[in-house]
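First up is the structure itself, then whatever we jot down about it.
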Amino acid sequence: MKLNVAVLPGDGVGPEVTREAVRVLRAVSDFCGYDFRFEESPIGGGASVEFGSPYPDQTRERCLASSAVLLGAVGGPQFDSLTDKLRPEAGLLALRHSLGCFANLRPAIAFEPISDCSPLRPERILGANLIIVRELLGGLYFGEPRAIDAASKSAWNTMRYSEQEIERVARVAFKLAEKRRKKLVSVDKANVLETSRLWRRVVTRVAAEFPDVALEHALVDSFAMNVITYPTRYDVVLTENLFGDILSDETAVIAGSLGMLPSASIGGKVDLYEPIHGSAPDIAGKGIANPIGAIGSAAMLLRHTAKLHAEADSIEVAIEAVLKSGMRTADLLPAAERSKAVSTEVMGKRIAECTVEALNSRMAYFAV
Ligand code: NAD
């Protein structure tokens, strides 16, 4: 099995967490005798400063020639004074656009051993296992025209969706729902927005192709309250770009920390994997970021791109085992207990070891 992974560490904690994700992938590759290769390229604010672009041409070429892209995060206050075109986030949008990945899958699971990490009551979250399917290439983030106009002292963005954009992401979500609990909630703001009314019409039409999946429509404002109050009610959540961005950070509370959530962006030329969090400038450079979102993204890479299901499962088993053992990064501990926290590196190394142990016991099981 050969895999060329373009690694884009980015800014802030990005390099710290991707290092651990690559460590775990290397452990899988070494143990299984695979040929995984990793090549780093610049992206984000650092790339703007050094190469004059937040998504340099060489990075784009390398990403498009790879089997998959593993991204850390971009951004930081030190880049706030850059022009709009040089902003790190412009690099992120250009990356997603160039790869063409329009469906962003963001699972949020309340792992039993860390239900105590969430500020939500354990009985509310235990058993929660939902996945947000966020449309990634449309809506307000890409709509034109967009501008800040100094003369009129105003600014505008455009929310635009075509039927085709909605249809293709809806199909991804329904197919996923068919393999899961056959429940899909589509989240919009159809009482106010025309784009949402189109969204609702198209999703309802696509639903007819998936008669086994129960479809529910929800308005984003009350859904934001319901998903955190009754997270176990939901399975697949389909929504547009901006709503998905916000709701997925909210569902991180179910998992205990923003550092826990992985993501996969699929449907284009090359798949993109990244933790859902940003560059966390408040903790960058301290070696304390939680690498589990990035490592979970590596597991998604093995499952979706490489079709290495057993290996992906082994990484997830390892994450759960390490958390069960009580090992925690600082974000998963109350302030008074943070002296017990382990570093990003210690957590990454332990998950890599446990992944190999999980692969080993799997081999032993099948050898019996
Ligand atoms: P953030 O996700 O970076 O951080 C929010 C909070 O979560 C912070 O307190 C941070 O310390 C904590 N956190 C995030 N990741 C963590 C981890 N792995 N371990 C432990 N704690 C973690 O969001 P923000 O502060 O709103 O944004 C900071 C920068 O990141 C901004 O420039 C923003 O544009 C950028 N951003 C980038 C991406 C991306 O690259 N995909 C996504 C969101 C935000």
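Just so you know, ligand 1 is whichever comes first in the structure, and atom 1 is the first atom listed for that ligand.
Note that atom 18 (N) of ligand 1 has protein non-hydrogen atoms nearby, at separations under 4.0 angstrom. Protein non-hydrogen atoms do reach within 4.0 Å of atom 7 (O) of ligand 1. Inside a 4.0 Å radius of atom 26 (O) of ligand 1 there is not any protein heavy atom.
Only the side chain of Pro281 comes within contact range of ligand 1, with a heavy atom under 4.0 Å; no backbone atom does. Contact annotation: for Asp282 versus ligand 1, heavy atoms closer than 4.0 Å belong to the side chain alone.
Checked against Glu20 for a side-chain contact (heavy atoms from CB on, under 4.5 Å), the options Thr344, Leu25, Asn290 give a single hit: Thr344.
Between Ser257 and ligand 1, a contact under 3.5 Å exists for no N or O pair. Of the N or O atoms in Val74, one or more lie within a sub-3.5 Å distance of an N or O in ligand 1. The distance criterion of under 3.5 Å between nitrogen or oxygen atoms is not met by Gly75 with respect to ligand 1. At least one N or O atom of Ala280 sits closer than 3.5 Å to an N or O atom of ligand 1. Between Gly278 and ligand 1, an N or O atom pair is found at a separation short of 3.5 Å.
Close contacts between ligand 1 and Leu258 involve ligand atoms 2 (O), 5 (C), 7 (O) [criterion: under 4.0 Å to a heavy atom]. Of all the atoms in ligand 1, the ones that sit under 4.0 Å from a non-hydrogen atom of Ala73 are 40 (O). Taking every heavy atom of Glu274 and a limit of under 4.0 angstrom, the matching atoms of ligand 1 come to 41 (N).
Pro231 and Ile254 make their closest contact through CB-CD1, 3.5 Å (heavy atoms, listed as atom of the first residue, atom of the second, distance).
Atom NZ of Lys175 has 12 or fewer heavy atoms from other residues, nucleotides or ligands within 6.0 Å. For His304, the NE2 atom counts as densely surrounded, since its 6.0 Å shell holds more than 12 non-hydrogen atoms of other residues, nucleotides or ligands. Annotation: Arg160, atom CZ; neighbour count of heavy atoms from other residues, nucleotides and ligands within 6.0 Å does not exceed 12. Applying the 6.0 Å contact sphere to CD of Glu144 captures more than 12 heavy atoms from other residues, nucleotides or ligands.
In this structure, Leu92 is part of the shell of residues with a heavy atom less than 4.0 angstrom from ligand 1. A heavy-atom separation below 4.0 Å is found between Gly76 and ligand 1.
No side-chain donor from either of Ser257 and His277 sits under 3.5 Å from a side-chain acceptor of the other.
The CD atom of Glu40 lies 10.0 Å from the CG atom of Leu70; values are rounded to the nearest 0.5 Å.
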